[in-house]
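Notes to accompany the following structure.
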Amino acid sequence: MVNRKALQENSMDEHGKGVNPAIADETKFKYERILTGDRPTGPLHLGHYTGSLRNRIRLQDKYETFILIADIQALTTNFEHPEMLRENIFLAALDYLSSGIDPKLSTIIVQSMVPEIAELTAFFSMLISINPLRHNPTIKTEAKERGYKELTYGFLGYPVSQAADIAIFKADLVPVGIDQLPHVELARKIIRKFNELYCGKLIEPFALIDKFPRLVGLDGGLKMSKSYGNSINLSDSEGVVKGKIRTALTDKNRIHPTDKGNPYICTIFKYHTAFSSETLIKETEANCKNGKIGCVQCKDNVFGSIKNILEPMYEKRAYYSNNKDEVWDVLYEGTKKARLIAEQTINEAKKSMRIIYGD
Ligand code: TRP
């Protein structure tokens with residue numbers, strides 16, 4: 001088991017200043033179980049790949065990995081269309097499996113099939129007041145982006161349910177993008193309060209922050225997102241990817257291939273940084289600055305790098321698309337295995353609250 005006290009003490013830097021105690025330090029401490037997840041709202045794209053999938057594929061060799069397809073959380077923004085969930089859950093699983101998530105190493109779970117999460121969410125909801133939820137920066141940004149004037153109880157409270165996602169599976173490490181850090185901090189706060197109040201033994205998790213900068217959209221927009229229509233999906237065919245890359249925004253001031261360019265404002269150069277080899281990145285940087293490569297050629301080069309990543313996925317995707325039952329079996333098996341832990345946790349939690357009434 002992790003020595004939490006040592007961890008707390010060692011989360012100081014050499015000046016004795018606190019680094020964020022919610023952030024994990026993999027170099028110093030041994031963690032055991034990962035829980036991470038996605039809302040199944042549509043096909044995954046290259047932004048998901050650089051932002052989380054790539055990291056999960058690396059981490060699954062090192063930690064016991066649980067990946068939650070958070071369909072109830074998806075309802076917080078899509079409650080009008082629950083009928084879409086089935087297909088989206090399947091597509092998320094297909095994206096995972098084809099991109100290299102190995103069901104022997106990673107347990108994939110469907111959230112709504114683990115009702116103990118909802119039960120723990122109810123207990124947790126007593127331990128947090130409304131204000132910190134209203135001031136949660138991620139909730140605020142998301143509400144603004146979506147143009148919500150009023151927040152539903154479910155949307156405002158999804159971080160509480162996310163705390164239950166983490167606690168129910170006894171995870172100690174949560175690899176997420178920086179936008180999810182407030183949720184991990186909240187989870188820690190709730191769990192600590194639960195443990196203090198009820199002498200509970202829930203595990204306080206740590207966030208493992210993925211430092212890769214967010215992938216920009218084809219339009220150069222701040223982020224690649226399905227809803228902005230600026231994404232390259234993992235399921236896009238080679239031809240589609242090539243066509244999309246052709247439309248990507250480059251340095252507008254470069255008219256002729258011999259014009260000196262500014263790679264740092266170019267979408268394609270950002271993609272090089274994410275997907276190309278060191279040598280190609282360096283070459284591209286110099287050639288663009290010196291007007292030695294045209295944008296068309298440069299786009300072809302980045303297409304090559306992206307193709308290298310997507311190509312191995314196509315074969316697995318074709319296999320699983322023709323064997324849909326196998327995908328569902330992975331989900332049923334994963335959920336079944338994870339549910340055993342969830343049942344154990346909810347029993348322990350109720351016991352510590354002294355609310356087990358039967359015999
Ligand atoms: N909120 C996460 C997202 O929007 C998805 C998620 C649900 C999650 N439950 C989780 C992430 C638990 C980490 C841990 O992507």
Side-chain angles (χ1 to χ4, degrees), residues 22-24 31 33-45 47-56 59-60 63-78 85 88-89 91-93 95-96 101 106-114 116-118 120-121 124 133 136-143 145-146 154-188 190-191 202-210 214-215 223-227 231 334-335 338 341-342 345:
I23 296 181
Y31 303 95
R33 185 179 293 159
I34 280 177
L35 185 276
T36 179
D38 298 297
R39 296 177 192 174
T41 52
L44 301 185
H45 52 62
H48 293 111
Y49 182 74
T50 54
S52 59
L53 271 181
R54 181 159 68 177
N55 202 25
R56 290 175 193 171
L59 292 168
Q60 68 181 349
Y63 300 107
E64 189 185 3
T65 297
F66 285 20
I67 306 176
L68 185 73
I69 303 185
D71 56 339
I72 300 183
Q73 194 177 109
L75 281 181
T76 63
T77 57
N78 288 282
L85 286 176
N88 284 341
I89 288 168
L91 290 178
D95 281 332
Y96 293 159
I101 296 289
S106 291
T107 305
I108 310 178
I109 313 162
V110 179
Q111 189 186 31
S112 65
M113 293 171 79
V114 185
E116 291 77 14
I117 299 175
L120 190 60
T121 301
F124 278 1
L133 292 172
N136 179 306
T138 301
I139 290 276
K140 272 163 80 173
T141 311
E142 220 184 328
E145 273 175 12
R146 294 175 185 275
F155 179 78
L156 184 68
Y158 89 71
V160 182
S161 150
Q162 191 160 321
D165 293 339
I166 300 167
I168 204 93
F169 299 116
K170 302 183 192 286
D172 54 6
L173 196 59
V174 186
V176 279
I178 191 80
D179 62 310
Q180 296 287 305
L181 182 58
H183 299 343
V184 178
E185 288 174 325
L186 182 92
R188 289 164 57 83
I190 294 176
I191 290 168
L202 297 177
I203 292 176
E204 249 182 73
F206 292 85
L208 183 65
I209 303 296
D210 203 306
R214 182 177 254 176
L215 198 68
K223 72 170 181 183
M224 186 174 273
S225 161
K226 181 190 61 141
S227 47
S231 61
T335 304
I341 302 168
T345 310

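Side-chain atoms are counted along with the backbone in the values below, which use heavy atoms only and exclude waters and symmetry mates. In listed order, ligands and their atoms are each counted from 1.
Classified by interplanar angle (parallel below 30°, tilted 30° to 60°, perpendicular above 60°), the ring pair Y31/F206 is tilted.
Contact between T50 and L215 at its shortest, heavy atoms only, is OG1-CB, 3.8 Å.
Under the salt bridge (Lys or Arg N to Asp or Glu O under 4.0 Å) criterion, E64 pairs with R33, not counting sequence neighbours. In this structure, the salt bridge (Lys or Arg N to Asp or Glu O under 4.0 Å) partners of D38, at least two apart in sequence or on a different chain, are R56. For F155, the ring pair (Phe, Tyr, Trp, His ring centres under 6.0 Å) test picks out Y148, Y158, with sequence neighbours left out.
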For ligand 1, run through the N/O pairs with the protein that fall under 3.5 Å and put one pair on each line.
| residue | atom | partner | partner atom | Å |
| --- | --- | --- | --- | --- |
| ligand 1 | 1 (N) | Q73 | OE1 | 2.7 |
| ligand 1 | 1 (N) | Q162 | OE1 | 2.8 |
| ligand 1 | 1 (N) | Q180 | OE1 | 3.0 |
| ligand 1 | 9 (N) | D165 | OD2 | 2.8 |

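For the pair L208/L59, a side-chain contact is recorded, criterion being any heavy-atom separation below 4.5 Å from C-beta on.
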